[in-house]
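Order of listing sets the numbers, starting from 1, for every ligand and every atom in it.
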Amino acid sequence: MLLENLSYVEVESYLAEKDTILIPIGSVEQHSPYGLIGTDFITAESIAREVGKRLDLLVAPTLPYGMSQHHMGFSGTVTLSPETFTKVIKDITTSLLDHGFKRIIYINGHGGNINPAKNAFDQLKYEGKKGIFTIISWFLLGDVLNLAKELFEDKEGHHATPSEVSITKYLRPDAFKNKPKNEKEVEDKEFYWPLSKEEFKKVFPDGRMGSAPWLATEKYGKLILEEATRATIAEVRKVLKMPLV
Ligand SMILES: [Zn+2]
């Protein structure tokens, strides 16, 4: 069930029965020469919508832009500052709370969003807002990490991973027609986090972070998407069972 396809009357009926909504969030940022700029919101949206379908929960429109300052050295990246991202999450959450949603679950495809989203939740709680606000990052869930390790071993890396690129390849095969296929060296570099956009480009010149995105396939994508959906459902179920204070 997609919020964008309902009328307000239908939202009222939904709220008479349920109090949960899923919001996919991602990023618009470089994913090396091998992956799509939209990787993070495409994966999060697809997982959130599948979870919504299977659990019969409402899914809000995707927030594609995220906190991607460290990727600004690469063309096409669009970032919100951490402050703006926190404010956007606060405003979305507050709007949904105003209508009676009580469990607001962000389904996340991008690591850089986690701290500013949690910052938003902390601020909302400090302001006395009631309800459960949480963020589920599909790529950090144990079963997904295990599958990635099984498929790609030490070539999964931390950014432009073959896992996320596989999902997008499965969902949008046409977008990969002109992407490179050659293999490169995979290095596990040591660095302090965070990095500025200049530092990031110096340490990771082609935008990969210890990953081998050329290993991505549609077949793996289907497999990882299913595992990510299943693992996310398990997390969402925990939130559904949680008593409201
Ligand atoms: Zn990504």
*Asks:* Identify which one of Tyr34, Phe152, Phe176 satisfies the ring-ring contact (aromatic ring centres under 6.0 Å, His included) criterion when paired with Trp214.
*Replies:*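 Result for ring-ring contact (aromatic ring centres under 6.0 Å, His included) with Trp214: Tyr34.
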
*Asks:* Tell me whether Arg208 is salt-bridged to Glu183, with the criterion being a basic N under 4.0 Å from an acidic carboxylate O.
*Replies:* no

*Asks:* Centroid separation under 6.0 Å, is that true for the rings of Phe85 and Tyr65?
*Replies:*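 No: the rings miss the under 6.0 Å criterion.
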
*Asks:* Provide the protein N, O or S atoms situated under 2.8 Å from the Zn ion (ligand 1); waters are not included.
*Replies:*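 Within the sphere that stays under 2.8 Å of the Zn ion (ligand 1), the protein atoms of type N, O or S are His31 NE2, Asp40 OD1, Glu164 OE1.
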
*Asks:* Any salt bridge between Lys149 and Glu153, counting N to O under 4.0 Å?
*Replies:*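 No, no charged N to carboxylate O under 4.0 Å.
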
*Asks:* Centre-to-centre under 6.0 Å for Tyr170 and Tyr220, is that the case here?
*Replies:*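 No, ring centres 6.0 Å or more apart.
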
*Asks:* Between Arg54 and Glu50, is there a salt bridge with N-O shorter than 4.0 Å?
*Replies:* yes

